[in-house]
Each structure stands twice: as structure tokens, then as C-alpha cells.
Amino acid sequence: MRVFTGIQPSGDLHIGNYFGSIKQMVEAQQNAETFAFIANYHAMSSGNGGEKLAGLTMQAATDFLSLGIDPNKSTFWVQSDVKEVLELYWVLSAFTPMGLLERAHSYKDKTAKGISANHSLFSYPVLMAADILLFSPEIVPVGKDQIQHVEIARDIAIKFNNEYGDILKLPEFKIEESVATVPGTDGQKMSKSYKNTINIFGEEKAQLKVIKKIVTENVPLEEPKEYENCNVYNMAKLFLNNQECIALQNRYKSGGEGHGHFKLHLADVIWEYFRPYREKREYYMKNQDEVREILHLGAQKAKEVASPMMETIRSVTGISY
Ligand code: ADP
Ligand code: TRP
């Protein structure tokens with residue numbers, strides 16, 4: 001089975017990203033043929049360009065490799081290193097009704113907020129369709145906000161196939177229902193846009209400062225405390241095994257400790273959990289050429305799939321003559 005995913009290079013990763021998506025991606029490598037790429041062309045539609053984009057791309061590559069994307073198990077590359085995707089994007093544009101894109105919420109939401117859209121934002125779903133259809137995956141794991149984009153890819157593929165035969169494979173999206181939403185420091189969904197994140201690769205002192213800000217209820221030190229709805233407990237349990245969870249619950253129930261103690265514990269748990277990843281990251285940060293080399297080899301592997309598909313498409317559409 002081929003699993004396919006695209007990652008927007010968007011800066012510092014937080015523990016919501018890790019438990020909501022990266023961990024599953026790393027686990028998927030064990031039993032599926034995994035294709036994962038850094039969507040740097042897509043990032044341009046949100047205004048990231050120039051040196052900033054180059055930096056974000058290298059940061060995403062370094063972070064994902066450090067967190068367990070294994071280039072021997074997965075095909076891992078940067079979107080712009082496989083240019084076939086831009087050619088397919090144009091071909092698919094000819095099979096994309098305007099109405100389909102006008103209904104896309106990524107575009108609709110922004111224009112509804114009065115943000116003026118450029119063409120890349122409008123046509124983003126066509127590029128995403130090209131990303132996917134070039135590689136014929138069975139499964140595209142996505143967050144809820146991306147379901148519509150996979151559906152648009154299917155619609156476009158159906159239109160293309162109606163004209164030229166059964167060439168593009170219709171992808172299925174997969175939502176990881178078991179993945180809970182990770183709360184942020186204020187109790188809302190952890191998200192960069194809410195400024196409530198705990199970053200995976202932050203400095204230890206800065207991380208502790210953020211953890212100390214987690215909103216908790218006000219209960220005197222000596223009294224027992226609720227753990228079920230406690231943001232600190234709900235974060236800690238992501239990192240702990242069953243036994244460790246029960247031990248922490250008992251500390252809440254027995255009183256005598258305040259939320260400050262639980263926050264210190266959480267800070268320790270997070271710091272230790274990411275220690276091996278941090279060490280790997282330090283290595284890759286010192287060896288950025290090695291990261292580039294991995295991406296380069298990944299692009300070559302990706303092209304082995306993308307090139308023959310694009311050849312077929314050129315042939316049936318009459319682009320080759
Ligand atoms: P952000 O909201 O910080 O901008 P993104 O939208 O870039 O995060 O999310 C990238 C991936 O991480 C998505 O697959 C998303 O589902 C997952 N993710 C982000 N925040 C959370 C969270 N709080 N809980 C679970 N998963 C999350
Ligand atoms: N649009 C996706 C996001 O914002 C990233 C992405 C681009 C993607 N192309 C893709 C995801 C293809 C899956 C498949 O998160």
C-alpha cells in the first residue's frame with residue numbers, strides 16, 4: 001500500500017504537530033510504502049518566499065529527519081526538486097471547472113475575511129491534486145481541513161480519466177480518528193495561530209517558561225486536585241505509559257502538591273521524551289549538507305515514479321508529438 005503526504009514548511013514544530021501527525025507518519029513507514037514531501041511551492045501561496053522559504057524548507061527537512069522520517073524506508077523530497085508536478089498542474093488545470101475551485105474553503109475562507117487572494121491561493125487545490133495524482137497513492141492521511149482538497153483531486157482525476165482512460169488513480173483520504181486534539185497552554189487546540197504552543201525543539205528555559213503559563217484551576221496546595229480536565233495532566237499523559245499515568249493521577253488525588261509541581265514534572269517529561277530527537281537534530285544542524293544530500297536522493301527516487309507517469313500523460317494528451 002502506498003501512503004502519501006505533503007508537509008507545509010511552516011516553522012517551529014509543536015507537540016500538537018507531533019502527536020497529531022508526525023508520530024503517525026513515522027509509524028506508517030514500518031508497514032506501508034511512504035511518500036512524504038515538503039510542499040515548498042504551496043508555502044509560497046501563504047506569502048513565504050525568498051530566503052525565508054529556503055530556511056523554512058531546510059528547517060522542515062532537518063526536523064522531520066530528526067523526528068524519525070527514515071530516508072531508507074520513505075521517499076522524502078522537496079516538492080520543487082520534482083518539476084513534473086508543475087507540468088501536471090497545468091494539464092490538470094484544463095480539467096478543473098472554475099466552480100470547483102470557487103467552492104474550495106481555503107480560498108472562500110480567506111476572501112470571506114476580506115483577505116485579497118492571489119491566483120496561487122485560488123489554484124492551490126490543483127497543485128495539490130497534481131502532487132497526489134503524480135504518485136498514484138492509495139491513501140492520503142490528512143487533517144479535517146484537507147479532506148476537501150483530496151476530494152477535489154478525485155474530481156479532477158475522474159474528469160481526466162473520462163477523456164483519456166483509466167490513467168490517474170483515485171486517492172482515498174484517511175482521517176486518524178484515534179488522534180486526540182492536543183490542548184495548548186490556554187486549553188484551546190494547540191496551534192501556531194493561537195500562540196499557545198509548546199515547541200518540540202525549544203530552549204529548555206524558554207520551554208519551562210511556557211509550561212509555567214499553562215492555565216490550571218485554583219486549588220489550595222494541600223487539597224486533592226482534578227486531573228481529568230487539567231491541561232497539564234492532559235499534556236503529560238501523551239508522553240506517559242499507563243503506570244506512569246496512574247502514578248501521576250495519584251499525586252493529583254492525594255493533595256499536598258500544587259499545579260506548579262505538576263508543571264515541573266511535565267517540563268521534565270517533555271524534555272526527556274525529545275532528548276534523542278534533539279541529539280539527532282544537533283547532528284543534522286551541524287551537517288546540513290548531509291540533509292541536502294538525503295533530499296537530493298529522495299527526489300531521484302520520487303522521479304522514478306513521477307517521470308514515467310508524466311510520460312504517459314504527455315503521450316495521451318498529445319503534449320509529446
Ligand atoms: P498549526 O495549527 O499550528 O498551524 P498545522 O495546521 O500546520 O498546525 O498542522 C500540521 C499538522 O499537525 C496537521 O496534520 C494537524 O492535524 C496536526 N496538528 C496541529 N495542531 C494539532 C493539535 N493541537 N492536535 C492534534 N493535531 C494537530
Ligand atoms: N495542503 C497540505 C497542508 O496544508 C499540504 C499538502 C500539499 C499535501 N500537497 C499535499 C498534503 C498532498 C497531502 C497530499 O497541510
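Keep in mind that what you see is a predicted model, and the values were worked out from it rather than measured. Remember, it's 1-based here, ligands and their atoms both numbered in the order they're listed.
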For [atom], what's the nearest protein heavy atom and its distance?
{"atom": "atom 24 (N) of ligand 1", "answer": "Val182 N, 2.9 Å"}
{"atom": "atom 9 (N) of ligand 2", "answer": "Asp131 OD2, 2.8 Å"}
{"atom": "atom 13 (C) of ligand 2", "answer": "Gly6 N, 3.4 Å"}
{"atom": "atom 2 (O) of ligand 1", "answer": "Ser191 OG, 2.7 Å"}
{"atom": "atom 10 (C) of ligand 2", "answer": "Met128 CG, 3.6 Å"}
{"atom": "atom 13 (C) of ligand 1", "answer": "Ser21 CB, 4.4 Å"}
{"atom": "atom 20 (N) of ligand 1", "answer": "Met190 O, 3.3 Å"}

Taking all atoms of both residues into account, what is the closest heavy-atom pair of [X] and [Y], and its distance?
{"X": "Leu92", "Y": "Leu168", "result": "CD2-CD1, 4.0 Å"}
{"X": "Val219", "Y": "Pro224", "result": "CG1-O, 3.8 Å"}
{"X": "Met190", "Y": "Gly16", "result": "SD-N, 3.5 Å"}

Looking at OG1 of Thr34 and CD1 of Ile139, how far apart are the two atoms once the value is rounded to the nearest 0.5 Å? 11.5 Å
Identify, by atom number and element, the atoms of ligand 2 in contact range of [X], meaning under 4.0 Å from any of its heavy atoms.
{"X": "Ile132", "value": "12 (C), 14 (C)"}
{"X": "Gln146", "value": "1 (N), 2 (C), 3 (C), 4 (O), 15 (O)"}
{"X": "Val140", "value": "13 (C), 14 (C)"}
{"X": "Phe4", "value": "12 (C), 14 (C)"}
{"X": "Tyr124", "value": "1 (N), 2 (C), 3 (C), 4 (O)"}

Among side-chain atoms of Gln188 and Asn196, is any donor-acceptor pair under 3.5 angstrom? no
Any protein heavy atom at under 4.0 Å, with atom 6 (O) of ligand 1 as the reference point? no
Is the shortest distance from atom 15 (C) of ligand 1 to a protein heavy atom below 4.0 Å?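 Neighbour list for atom 15 (C) of ligand 1 is empty of protein heavy atoms (cut-off 4.0 Å).
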Check: Asn287 side chain, Tyr283 main-chain N or O, donor-acceptor pair, under 3.5 Å: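 Side chain of Asn287 to backbone of Tyr283: a pair is present.
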Check [X] against ligand 2 and report side chain, backbone, both or neither, counting heavy atoms closer than 4.0 Å.
{"X": "Phe173", "result": "neither"}
{"X": "Val150", "result": "neither"}
{"X": "Ile7", "result": "neither"}

Measuring from non-hydrogen atoms of Lys189 to any atom of ligand 1, is the shortest distance under 4.0 Å? yes
Under 4.0 Å, counting heavy atoms only: does His14 come that close to any atom of ligand 1?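 Per 4.0 Å heavy-atom rule, His14 contacts ligand 1.
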Mutual orientation of the aromatic rings belonging to [X] and [Y] [parallel < 30°, tilted 30-60°, perpendicular > 60°]:
{"X": "Tyr273", "Y": "Tyr18", "answer": "perpendicular"}
{"X": "Tyr107", "Y": "Phe122", "answer": "perpendicular"}
{"X": "Tyr252", "Y": "Phe262", "answer": "parallel"}
{"X": "Phe37", "Y": "His42", "answer": "tilted"}

Ring center gap for Tyr89 and Tyr41 short of 6.0 angstrom: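 No; Tyr41 has its ring centre 6.0 Å or more from that of Tyr89.
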What I'd like to find out is whether the side chain of Phe64 reaches to under 4.5 Å of the side chain of Met25, using heavy atoms alone. yes
Given Thr181, Asn196, Val142, Asn17, which has its nearest heavy atom closest to atom 17 (C) of ligand 1? Asn17
Given Gly11, Gly16, Gly184, which one has a non-hydrogen atom that is nearest to atom 27 (C) of ligand 1? Gly16
On the six-membered ring of Phe201, is Arg281 placed so that its NZ or CZ lies under 6.0 angstrom from the centre and within 45° of the ring axis? yes
